Amino acid sequence: MFWSKDDTFKKSKIELDILRKNIKAYLHIKERKMSDISDYLNAFDYFIGHPNEFDGATIVKDLVDIGELDLDAMVHDYEYIHGANRNFIKKWKADIKYIKNMERNGKGIRVFRLLLLTIIGIIFVPYCFIKYKIKNI
């Protein structure tokens, strides 16, 4: 988002390799399914190759999982980058998944956050859609 910044993916290869292993172990401890763990690792691997595209958690920065990394925000950013920010249905599904992942990872029920994301989407989705179309003309 406009006011977020995160340098997690600008670390050394060794640090990122250790972080990836820690993510897998952390999610295993949280008893997440392998398909869920794969979603997190796919997002992580994407941001290793595109470190400037990850901005971290925007609103609540104290829900980190490992070090300064909020895993749920990472997956949410990944899904937005891959089209959820330009389509209301994809955005809604990504936002619901985000909230459910937060709950499954022990961060409580985040109804207010879902409501806020929904309201922001009314302006954000058309803005991103138009920006994307102009960029790809």
Side-chain angles (χ1 to χ4, degrees):
M1 188 57 77
F2 307 113
W3 51 83
S4 294
K5 184 173 176 6
D6 188 292
D7 293 329
T8 298
F9 294 96
K10 295 179 181 175
K11 295 179 179 181
S12 72
K13 181 177 177 354
I14 293 170
E15 290 174 302
L16 291 170
D17 287 346
I18 292 168
L19 182 56
R20 189 178 197 283
K21 289 176 186 172
N22 289 341
I23 290 170
K24 195 171 180 179
Y26 173 83
L27 294 169
H28 182 73
I29 290 167
K30 292 285 185 176
E31 299 180 354
R32 299 300 302 268
K33 297 184 293 186
M34 274 311 296
S35 59
D36 294 340
I37 294 172
S38 291
D39 287 346
Y40 286 96
L41 295 178
N42 287 338
F44 183 83
D45 292 343
Y46 174 81
F47 287 119
I48 285 176
H50 305 88
N52 294 323
E53 291 186 35
F54 181 67
D55 61 10
T58 303
I59 299 170
V60 181
K61 299 177 187 293
D62 63 345
L63 297 174
V64 296
D65 301 294
I66 300 172
E68 296 178 8
L69 182 59
D70 180 334
L71 297 176
D72 303 312
M74 177 185 68
V75 172
H76 195 242
D77 280 6
Y78 175 78
E79 291 183 345
Y80 269 42
I81 288 167
H82 289 92
N85 63 348
R86 298 182 305 273
N87 178 297
F88 285 111
I89 294 170
K90 287 181 182 179
K91 182 187 178 310
W92 176 251
K93 288 179 180 178
D95 292 347
I96 293 290
K97 181 178 178 180
Y98 176 51
I99 299 306
K100 288 186 181 217
N101 277 338
M102 291 178 79
E103 290 175 20
R104 290 180 185 125
N105 287 334
K107 296 177 184 174
I109 298 171
R110 302 288 170 192
V111 175
F112 179 73
R113 182 174 284 228
L114 179 61
L115 181 62
L116 186 61
L117 287 168
T118 302
I119 292 168
I120 290 170
I122 294 167
I123 296 170
F124 186 67
V125 170
Y127 165 78
C128 290
F129 179 80
I130 292 167
K131 183 179 166 185
Y132 177 79
K133 288 294 185 182
I134 290 171
K135 180 180 164 186
N136 290 309
I137 289 180

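Counting begins at 1 with the first residue of the sequence. Being a predicted model, the structure only gives us computed values, none of them experimental.
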**Prompt:** What heavy-atom pair brings Arg32 and Asp36 nearest, and what distance separates the two atoms?
**Reply:** NH2-OD2, 3.3 Å
**Request:** Quick one: pull up CE in Met74 and CD in Glu79 and give me the separation to the nearest 0.5 Å.
**Result:** 10.5 Å
**Asked** For the hydrophobic clusters of this structure (ILVMFWY residues joined by side-chain heavy atoms under 4.5 Å, transitively), does one cluster hold both Phe88 and Ile130?
**Response** no
**Prompt:** Can you tell me if NE2 on His82 sees more than 12 non-hydrogen neighbours from other groups inside 6.0 Å?
**Reply:** yes
**Request:** Could you tell me the separation between the CG atom of Asp45 and the CG atom of Leu16, rounded to the nearest 0.5 Å?
**Result:** 10.0 Å
**Prompt:** Would Ile66 and Ile18 show up in the same hydrophobic cluster when neighbours are defined by side-chain heavy atoms closer than 4.5 Å?
**Reply:** no
**Asked** Can a donor-acceptor pair be found between the side chains of Lys10 and Asn52 at a distance below 3.5 Å?
**Response** yes
**Message:** Please determine whether the number of non-hydrogen atoms from other residues, nucleotides or ligands lying under 6.0 Å from atom OH of Tyr46 exceeds 12.
**Reply:** yes
**Request:** Would you sort out whether Tyr78 and Asp39 count as a side chain to side chain contact (heavy atoms under 4.5 Å, CB included), showing the intermediate values?
**Result:** CA-CA 10 Å; Tyr78 175 78; Asp39 287 346; over 6 Å; no
**Prompt:** Linking I/L/V/M/F/W/Y whenever any side-chain heavy atoms sit under 4.5 Å apart, do Ile120 and Val125 land together?
**Reply:** no
**Item:** Working for side chain to side chain contact (heavy atoms under 4.5 Å, CB included), residues Phe47 and Ile81
**Value:** CA-CA 11 Å; Phe47 287 119; Ile81 288 167; 3.5 Å; yes
**Message:** For Arg20 versus Leu41, what's the shortest heavy-atom pair and its separation?
**Reply:** NH2-CB, 3.7 Å
**Request:** Could you give me the CA-CA distance, side-chain angles and deciding distance for Glu15 and Leu19, then say whether side chain to side chain contact (heavy atoms under 4.5 Å, CB included) is met?
**Result:** CA-CA 6 Å; Glu15 290 174 302; Leu19 182 56; over 6 Å; no
**Nearest non-hydrogen partners of Ile37 and Lys24, listed with the distance** = CG2-CG, 4.1 Å
**Request:** Please assess Lys13 against Asp17 for the test salt bridge (charged side-chain N to carboxylate O under 4.0 Å, His left out), listing each intermediate value before the final yes or no.
**Result:** CA-CA 6 Å; Lys13 181 177 177 354; Asp17 287 346; 3.1 Å; yes
**Fill in**
Interatomic distance, NZ@Lys97 vs NZ@Lys90, rounded to 0.5 Å, equals 13.0 Å
**Item:** Heavy-atom pair with the smallest gap, counting every atom of Tyr98 and Ala73
**Value:** CE1-N, 3.7 Å
**Which atom of Leu27 lies closest to which atom of Leu71, heavy atoms considered** = CD2-CD1, 4.2 Å
**Request:** Please check if any side-chain donor atom of Tyr40 sits under 3.5 Å from a side-chain acceptor atom of Asp65, or the reverse.
**Result:** no
**Message:** Surrounding NZ of Lys93 (heavy atoms of other residues, nucleotides or ligands, distance under 6.0 Å), is the total greater than 12?
**Reply:** no
**Prompt:** Can you tell me how far the CG atom of Asn87 sits from the CZ atom of Phe129, to the nearest 0.5 Å?
**Reply:** 9.0 Å
**Item:** Salt bridge flag under 4.0 Å for residues Lys107 and Asp70
**Value:** yes
**Asked** Any side-chain donor paired with an acceptor under 3.5 Å for Tyr80 and Lys91?
**Response** yes
**Request:** Mind listing the closest non-hydrogen atom pair of Ile48 and Phe9 along with its distance?
**Result:** N-CD2, 3.8 Å
**Fill in**
When rounded to the nearest 0.5 Å, the distance separating NE2 of His76 from CE of Met102 is 10.0 Å
